[in-house]
Amino acid sequence: QIQSSIFNQRKAHSPGHVCKNILHVPVSGLLFGPWFLCRNEDLKEMLESNKESLKLEAMKRIVGLIAKGKNASELFPAVVKNVASKNIELKKLVYVYLVRYAEEQQDLALLSISTFQRALKDPNQLIRASALRVLSSIRVPIIVPIMMLAIKEAATDLSPYVRKTAAHAIQKLYSLDPDQKEHLIEVIEKLLKDKSTLVAGSVVMAFEEVCPDRIDLIHKNYRKLCNLLVDVEEWGQVVIIHMLTRYARTQFVSPWREDAVFDENSAKAFYDSEEERRVDQSKPYIMDPDHRLLLRNTKPLLQSRNTAVVMAVSQLYWHLAPKHELSIITKSLVRLLRSHREVQYIVLQNIATMSIQRKGMFEPFMKSFYVRSTDATHIKTLKLEILTNLANEANISTILREFQTYVKSQDKAFAAATIQAIGCCATNISEVTDTCLNGLVLLLSNRDETVVAESVVVIKKLLQTQPSQHSDIIKHMAKLFDNITVPMARASILWLMGEYCEHVPKIAPDVLRKMAKTFTDEEDIVKLQIVNLAAKLYLTNSKQTKLLTQYILNLGKYDQNYDIRDRTRFIRQLIVPNEKSGALSKYARRILMAPKPAPVLQSAFKDRDRFQLGTLSHTLNSQASGYLELSDWPAVAPDQSVRNVEVVEPVRLPCIYLVFKDNVKNSESEENSDDSNKSSSSQSEKSSSESDSEKKKTLKNKKPQQQKLDSKDSSPVFVPETSHELLHRMTGKGLSAQYRFTRQPCIYGNSMVSLQLTLSNSTDQALENIHISEKSSTGQNIHRFNAIERLEPQASVTVSMGVDFNDSTQAANFQLCTKEDEFSVSIQPAVGELLLPITMSEADFTKEQGKLVGMNESSATITMTPENVSSQSVNRKVVSVANLGVIPSGQENIYRFSGKTVSSGSLVLVSVVLKDPDAVITINTEKTVMGSMLLRQVKTALTNSGP
């Protein structure tokens, strides 16, 4: 039996044996040769064998199956077993398979999650990147913290390929759990600073997906992105160019001279002298250097072989460049018309929109838009649209000759569109209106019904502009009426007869007579126009048409279509007076014979300029999901210094050090003797009374805080005196603002963080009506301070306000306004300022800490310097970072702190356990993102050797 089974296996794999279900799957462009596999069981056996070569061969064939669109999900259990293989080539193929099927086989993929985590530390960058890619493909909410940690580690990886993969994973994690947005923004901010061209496109795509409104993240990286643009991969170039287009529209003034030159301050224009005003008007527009940098660095990309890149640069120039520089994109767009049909369609749509506003751009290349016989119908229609837009008095004769050829096309839809184009030309260029009309009348004799019908419809629209001069054309159309069978064309002729029946008084009644005979056989649209014609003739020529009208109204009264029955009853009551008729019948003639406005024949692309060129919304002419609108140019350019890259020095807190140094001295004196403590306290009080007024004020403010920190009955609270800059005096035109967190409960709302603003006027003129605008760009609830009516020169004022940050470190953006100006400012809270201290016993702390374990617990081990081991030092450093209360502890090596989040009231517990020479920091809270951020800040504070 064993021998027979071996024989059968050999026979199955022999070159001469042919299986019914042979899989011809190419590997590296070749067929498999003699080793044909008929069933998935064969692949499973190869994957479970002890030979690496068989496993590698099986994986190559499986990946080949996937490439051909075959379903290989049944092999997942056998493949995932090889995820820990030491063979690099095999491991790469396994990861390729897992990326494809990890989302479908989530349960089995979760079993190998520890292997993926170990692979994140692999020396090979491709394995690290593949592991992260697989991890982000397992779309299970329970592994979100693991994915978050993996992305953070990958973002700091030495390999740019791994960092690029981390940027791709950001988008997957955000779609899985949008609550991680704040955490992901931190990673994006870090990756935006990356100087690698491999990372740039991917991180900008993540930025556009997660936080496209956070323009402030781009400021410092704007110039770097412009300079890297040429070397970035093509896909990344498209993404970056679209993002920079939106950015430029918010940061630079309009370069379109005719829009900007008259935008002057009315007050300045009133008070300035004539000479100053003349100088201002003659002053040329000076483009921002950063604006010019963007245009200069994108210009070479017009020569790119990638059509998407060329289209992206073209739309950037269209939306950002001065109008006299737009001509450089014309040749590049025309060059794209030699590409595939799909590319031609998109490019022609964008050219059609451009040609409406800027005809001169494409007029030299008009022959490039002539229709070819090999073009598809939708391509022909777009070229026709562009030729119609380019038509003017100089070239209309050439275009009309071209249109005459198109009318004879076998493509009926295209021929009909050509007739519509002729009508548009006749409307837009009055010199050729008569010529177009005569040409369209000749087409009425065409054998093709579609051409005749479309000609009638267009003639009808053209005649509405000047009907009295073209009564002969109406008569000619009436004669051809019997030969026209298309309902729309018949209805159009009948409408013309009824509307201008006074110009053809002899022909119109005869047409009505013929229609009365065939009324029951006509289409509904024709019947409606017959009823209208009868009513109008009844009012203008009742002697000849009274009986005909009554006959037609009787036919319509019993028609199967309810629209026709309703129209008939309405017309009868309107035109035939009787006892039941109301006052409306008196105005029947004015209603039916009222002059109608002539229809406006305009391009279908006229309203598409509301969408950004090159986008899906522009193609569909409808706002697509995820579309980001281009903002209008700002009237005044924002501060360009925000794009200057500077080294930011760390902010020091001198007031903290002073207070705690005094406390350390007092504690040392306490340990010596009670008498020395009393004497030292009396000396300190004496010295404080003898100091200058500023020092006295500072000590008075700090004394209650010192008492709280030394007290064992209440939670200590420490308020740093450090202020943060909200508005610089140069940016604010003399108005400067600083803010600080008071760490006190906010009187404006229980969920708000209390802040103190100091506003200063450094100008020599008073500032009026200083207030916060009603609109907030980030959506936080802000309690605004009362408007300051007047702030004298060189004066300062302190006001309080409250902000509900929703337990998030996202900046609160708002407008700080004066009577004349508005300034965009933002308050960025540290995570420790979003807390309020609470008091609890040591037992309660341990009990609550036991409830917040697992994913609600974050911990880290650090090595502490000897000067940081004392209790005063630990307490000082922790409460300086976060607004927490100190819990009295019965153990010397354990320090506990408690607080709650301001907005939601979630408990936040911090414990520091000293284990010489290390310390274990543990943070327990339901707010896991806040917990990890607070852990990082506490680690930094305790490892810092400074005071």
Side-chain angles (χ1 to χ4, degrees), residues 181-190 192-193 207 210-222 243 246-247 249-251 631 634 636-646 648-651 720 722-742 746 748 751-760 770-785 798-818 821-834 902-903 929-930 933 937:
K181 180 176 180 179
E182 295 303 320
H183 222 45
L184 292 173
I185 289 176
E186 292 182 8
V187 183
I188 291 172
E189 186 174 8
K190 183 186 298 181
L192 279 171
K193 299 174 184 177
F207 169 83
V210 178
C211 52
D213 56 332
R214 289 291 303 275
I215 295 294
D216 55 296
L217 299 180
I218 305 298
H219 290 324
K220 300 293 183 184
N221 304 291
Y222 171 81
M243 185 275 294
R246 289 195 307 108
Y247 177 86
R249 286 294 286 258
T250 64
Q251 300 300 312
S631 60
V636 180
D639 183 18
Q640 62 179 359
S641 64
V642 295
R643 291 183 288 278
N644 297 335
V645 180
E646 299 176 358
V648 181
E649 297 182 358
V651 180
T722 304
S723 296
H724 307 277
E725 186 176 76
L726 183 66
L727 180 66
H728 192 270
R729 60 186 178 84
M730 297 297 291
T731 308
K733 299 181 180 180
L735 174 65
S736 63
Q738 293 186 325
Y739 69 93
R740 72 179 189 90
F741 295 92
T742 64
C746 185
Y748 305 119
S751 62
M752 289 187 173
V753 176
S754 178
L755 295 106
Q756 212 173 64
L757 260 64
T758 302
L759 305 169
S760 303
I770 302 174
H771 64 284
I772 294 177
S773 174
E774 294 293 329
K775 53 185 179 181
S776 172
S777 60
T778 49
Q780 288 100 335
N781 184 18
I782 299 177
H783 185 280
R784 302 162 181 82
F785 59 84
T798 301
V799 294
S800 60
M801 62 180 292
V803 180
D804 185 356
F805 289 101
N806 297 317
D807 293 344
S808 168
T809 55
Q810 182 179 357
N813 300 325
F814 55 91
Q815 302 283 336
L816 184 61
C817 310
T818 62
D821 299 296
E822 290 187 1
F823 309 103
S824 297
V825 295
S826 63
I827 295 177
Q828 181 71 55
V831 66
E833 305 298 343
L834 304 178
V902 176
S903 184
V929 175
M930 292 184 68
M933 295 171 69
Q937 293 189 8

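Start at 1 with the first residue, then count along the sequence.
- From E182, atom CD reaches atom CE of M930 across 11.0 Å, with rounding to the nearest 0.5 Å.
- Of all non-hydrogen atoms in L727 and L816, the two that sit nearest each other are CD2-CD2, 4.0 Å.
- Below 30°, between 30° and 60°, or above 60°: for Y748 and H783 the angle between ring planes is below 30°, a parallel geometry.
- Rounded to the nearest 0.5 Å, atoms OG (S826) and CG (L726) are 7.0 Å apart.
- Between S641 and D639, the side chains place a donor N or O and an acceptor N or O closer than 3.5 Å (distance only, hydrogens not considered).
- What you find for T742 and L755 is that their closest heavy atoms are CG2-C, 4.3 Å.
- A heavy-atom distance below 4.5 Å is found between the side chains of I772 and M801.
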Quiz item: Run the side chain to side chain contact (heavy atoms under 4.5 Å, CB included) check on N221 and K193 step by step: do they pass?
Solution: CA-CA 6 Å; N221 304 291; K193 299 174 184 177; 3.8 Å; yes

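- The two residues T722 and R740 make their nearest non-hydrogen contact at O-CB, 3.4 Å.
- Between E186 and T809, the shortest heavy-atom contact is OE2-OG1, 4.4 Å.
- The two residues M933 and V831 have their closest heavy-atom pair at C-CG1, 4.2 Å.
- Of all heavy-atom pairs between V210 and K181, the closest is O-CE, 3.3 Å.
- Of the inter-residue distances, the one linking H728 atom NE2 with Q738 atom CD reads 9.5 Å to the nearest 0.5 angstrom.
- Counting heavy atoms of neighbouring residues, nucleotides and ligands inside a 6.0 Å radius, atom CZ of R729 does not exceed 12 of them.
- Between F823 and K733 the shortest side-chain heavy-atom distance falls below 4.5 Å.
- A donor-acceptor contact closer than 3.5 angstrom is absent between the side chains of S631 and T250.
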